[in-house]
Amino acid sequence: MSDISIRRATADDSKRLTRLVRTSGAYRGDYAAMVEGYQVGGPYIEHHPVFVAVDEGDGGRVLGFYALLVDEAELDLAFVADAAQGLGIGRLLMEHMTGEARTAGLASVRVVAHPPAEEFYLRTGAVRTGTVPPTGRIHWERPELRYDVA
């Protein structure tokens, strides 16, 4: 990996972020329904703090991103490209997210996790607070976690 940087996403990133979500290996099989037809739209990106990790040495290739809902104090989205997993991109994004949350005056950030991602969140400093029952197209319980950032 070359120079990795994190920058604020723009509406122009919409297609790349949507593709990253829809092609995520973590959402195959039973979990595919969660991302089927999902779109990270330009208005969403412009309204919420969405940040992307990019490889500056590879033409600004998007390696991952996160979206923080400040009003709800919740991490809404967090994805790392399959090819970039295991390289520390996710940890870098979570460190950035907690810094942004702290700057926004939040004491903590709630995460409702994709079940296979729970261990990642625990390794990066979150604590488990409970579970969220199935709802809508999601037919399984999801771990609920919290990052304390204050």
Quick check for you: to the nearest 0.5 Å, what is the distance between [X] atom [atom1] and [Y] atom [atom2]?
X: Thr98; Y: Asp148; atom1: OG1; atom2: CG; answer: 11.0 Å
X: Asp12; Y: Ile45; atom1: CG; atom2: CD1; answer: 9.0 Å
X: Gln39; Y: Arg22; atom1: CD; atom2: CZ; answer: 6.5 Å

What closest approach, in Å, do [X] and [Y] show between heavy atoms, and which atom pair accounts for it?
X: His48; Y: Leu68; value: CB-O, 4.0 Å
X: Pro49; Y: Val70; value: CG-CG2, 3.6 Å
X: Ala126; Y: Leu122; value: O-CD2, 3.5 Å
X: Ala11; Y: Glu46; value: CB-OE2, 3.3 Å
X: Glu56; Y: Ser5; value: OE2-OG, 2.6 Å

Any donor-acceptor N or O pair under 3.5 Å, side chains Tyr147, Thr124: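 Result is yes, a qualifying pair exists.
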Partners meeting side chain to side chain donor-acceptor pair (under 3.5 Å) with Thr18 (sequence neighbours left out): none
Side chain to side chain donor-acceptor pair (under 3.5 Å) partners of Arg7, counting only residues at least two apart: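 Residues passing side chain to side chain donor-acceptor pair (under 3.5 Å) with Arg7: Asp13.
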Which residues share a salt bridge (charged side-chain N to carboxylate O under 4.0 Å, His left out) with Arg128, sequence neighbours left out: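 If we apply the salt bridge (charged side-chain N to carboxylate O under 4.0 Å, His left out) test to Arg128, skipping adjacent residues, the hits are Glu118.
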All salt bridge (charged side-chain N to carboxylate O under 4.0 Å, His left out) counterparts of Asp76, not counting sequence neighbours: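 Not a single residue meets the salt bridge (charged side-chain N to carboxylate O under 4.0 Å, His left out) criterion with Asp76.
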Candidate pair Thr10 and Arg8, rule side chain to side chain contact (heavy atoms under 4.5 Å, CB included), full reasoning: CA-CA 7 Å; Thr10 68; Arg8 181 80 185 245; 5.9 Å; no
Which residues share a ring pair (Phe, Tyr, Trp, His ring centres under 6.0 Å) with [X], sequence neighbours left out:
X: His47; answer: none
X: Phe65; answer: Phe79
X: Tyr121; answer: none

With a 3.5 Å cut-off and sequence neighbours excluded, list the donor-acceptor pairs that the side chains of residues 89-97 form with protein atoms.
from, atom 1, to, atom 2, distance (Å)
Arg91, NH2, Arg123, O, 3.3
His96, ND1, Tyr66, OH, 2.6

Tell me which donor-acceptor pairs under 3.5 Å the side chains of residues 103-115 have, and how far apart each pair is, sequence neighbours excluded?
from, atom 1, to, atom 2, distance (Å)
Thr103, OG1, Gly99, O, 3.0
Arg110, NE, Glu144, OE2, 2.5
Arg110, NH1, Glu74, OE1, 3.3
Arg110, NH2, Glu144, OE2, 3.0
His114, NE2, Ala26, O, 2.7

Side chain to side chain contact (heavy atoms under 4.5 Å, CB included) partners for Thr23, two or more places apart: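 Arg19.
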With Gln85 via side chain to side chain contact (heavy atoms under 4.5 Å, CB included) - residues at least two apart: Val80, Asp82
Other ILVMFWY residues reachable from Val127 by side-chain steps of under 4.5 Å: none
Audit row: Leu17, Val50, side chain to side chain contact (heavy atoms under 4.5 Å, CB included) steps and yes/no: CA-CA 10 Å; Leu17 301 186; Val50 179; 4.0 Å; yes
Same apolar cluster: Val52 and Tyr38, side chain cutoff 4.5 Å: yes
Side chain to side chain, Leu77 and Tyr44, heavy atoms closer than 4.5 Å: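 Touching, per the 4.5 Å side-chain cut-off.
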Flag, side chain of Ser14 to backbone of Val40, donor-acceptor distance under 3.5 Å: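 Yes.
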Flag, side chain of Arg102 to backbone of Val149, donor-acceptor distance under 3.5 Å: yes
